[in-house]
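Letters A, B, ... mirror the listed sequences (proteins, then strands); counts begin at 1. Since the structure is predicted, the reported quantities are computational estimates derived from the model, not experimental observations.
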Number of protein chains: 2
Amino acid sequence: MKKMSDAMSLLINLNLAAIKINKKLDRSLGLHGISFSEYMALHFLYSESTQVMSRIALAECLGMTASGVTRLLNPMEKIHLVEKQKNPRDARVSLVKLTLTGATLYEDASTSFRHISDSTVSDVRQYQMESILEVLKKL
Amino acid sequence: MKKMSDAMSLLINLNLAAIKINKKLDRSLGLHGISFSEYMALHFLYSESTQVMSRIALAECLGMTASGVTRLLNPMEKIHLVEKQKNPRDARVSLVKLTLTGATLYEDASTSFRHISDSTVSDVRQYQMESILEVLKKL
DNA sequence: GATTTATACTTGATTGGTCAATTATTGTTG
DNA sequence: CAACAATAATTGACCAATCAAGTATAAATC
């Protein structure tokens, strides 16, 4: 059988790395009461100037389905990290708004996230980092 | 709030990339009747010179728990991609052996995997590939 | 050599997501 | 403007993996 190409190795190792990182971050963010997925949701909302997004848009950002987003946000609404808003122009959409509580939690959690990130990639050179980032973004 | 560091961006984008790649590979490998996880299991078994591994060792390779491996392998045993073997030296362990069917399927699936891999990373330079690979492996 | 401790699994209950179907609304077109 | 197609979101049924607990065996200690 042919040997694995670098491209094949890359996808396999990317996947394995993601699994490990996910677990590490889930453990760490768990101290703030959220999962990594929830952190990601907060992240994209926080990055939006209005801190409001449609569920579909959020799903797109997170790489998950609309139904996945519904299920992800339900518990977050219950603890008031986000809240629903109507879109006056289109009654189909249910906007997600980051609450003040949510924004604060995001900022707190971000310091943990920063620690984990920095220590995880501590021995990656700056130029490598930029190169990898560039590649990952266009995958 | 402080801006995200490159390290933070890297982890987020790594995660997003992994999600997309997983979906793409699940779709493609689905044509061979297996998921990406199952492909990975076959991969590590195939790479082993004896094509035999303990479940614990496989779990370690796959970055999942022992119970995850049990549940992953069950259906694979049913369709005879792998089979159980006893370890004469230690009655606790239940060895997983790649069958001929399993090896053949792995080889077939690998051509699909190769296509996807190559096209996915087609515009990544060789030197970048090696650099990224190096980083991912020590993560 | 008996007892404790550690290891290799397996299983029940739970979680986090998918998909397919459904509902409500909006946009399009004859 | 009536009918039909497309979009946003939710729900039920399912799937893949986790965790915690349980079982069986092996290793270490007294």
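- S54(B) and A57(B) get closest at one heavy-atom pair: OG-N, 3.0 Å.
- Using a 4.0 Å heavy-atom distance criterion, S35(B) is classed as making no nucleic acid contact.
- Non-hydrogen atoms lying under 4.0 Å from DNA chain C are contributed by nothing in residues 15-31 of chain A.
- For DNA chain D, the outermost nucleotides in 5' to 3' order that have an atom under 4.0 Å from a heavy atom of chain A are dA6(D) to dT18(D).
- Here the closest heavy-atom approach between residue K23(B) and residue M64(A) is recorded as NZ-CA, 3.8 Å.
- By the salt bridge (charged side-chain N to carboxylate O under 4.0 Å, His left out) test, E77(B) is found to be paired with R55(B), residues two or more places apart in sequence or in another chain being considered.
- Applying the side-chain contact (heavy atoms from CB on, under 4.5 Å) criterion to S47(A), with sequence neighbours excluded, gives H43(A).
- Defined by atom type and a distance below 3.5 Å, a donor-acceptor pair is missing between the side-chain atoms of S110(A) and Y46(A).
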Throw together a table of side-chain donor-acceptor distances under 3.5 angstrom for residues 9-17 of chain A, partners on residues two or more places apart or in other chains.
from: N13(A); atom 1: ND2; to: S9(A); atom 2: O; distance (Å): 2.8
from: N15(A); atom 1: OD1; to: N22(B); atom 2: ND2; distance (Å): 2.7

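- Nucleotide dG16(C) holds its P atom 13 Å from the CD1 atom of I34(A), rounded to whole Å.
- Under the ring pair (Phe, Tyr, Trp, His ring centres under 6.0 Å) criterion, F44(B) pairs with no residue at all, not counting sequence neighbours.
- For F36(B), the ring pair (Phe, Tyr, Trp, His ring centres under 6.0 Å) test picks out no residue, with sequence neighbours left out.
- Near DNA chain C, meaning a heavy atom under 4.0 Å from it, residues 89-96 of chain B has R92(B), V93(B), S94(B) in order of number.
- The two residues A7(B) and M129(A) make their nearest non-hydrogen contact at N-CE, 4.0 Å.
- Counting only Watson-Crick and G-U wobble pairs whose two key distances fall under 3.5 Å, DNA chain C forms stems of three or more stacked pairs at C:1-30 with D:1-30.
- Only S54(B), R55(B), I56(B), A66(B), S67(B), T70(B), R71(B), listed by number, bring a heavy atom of residues 43-79 of chain B to less than 4.0 angstrom from any atom of DNA chain C.
- In this structure, the side chain of S35(B) does not engage the main chain of D26(B) through any donor-acceptor pair within 3.5 Å.
- With hydrogens and angles ignored, the 3.5 Å screen pairs no side-chain donor or acceptor of T111(A) with any backbone N or O of E107(A).
- Phosphate contact (OP1/OP2 of dA8(C), side-chain N/O of K86(B), threshold under 4.0 Å): absent.
- Through chains of ILVMFWY side-chain contacts below 4.5 Å, V52(B) is grouped with V93(B), L95(B).
- Proximity of K86(A) to S94(A): side-chain heavy atoms (C-beta onward) are nowhere separated by under 4.5 Å.
- Using a 4.5 Å cut-off on side-chain heavy atoms (C-beta onward), L29(A) and I116(A) make no contact.
- Pairs engaging residues 129-139 of chain A under the side-chain hydrogen bond (donor to acceptor under 3.5 Å, both in side chains) rule: Q126(A)-E130(A), S131(A)-Q128(B) [sequence neighbours left out].
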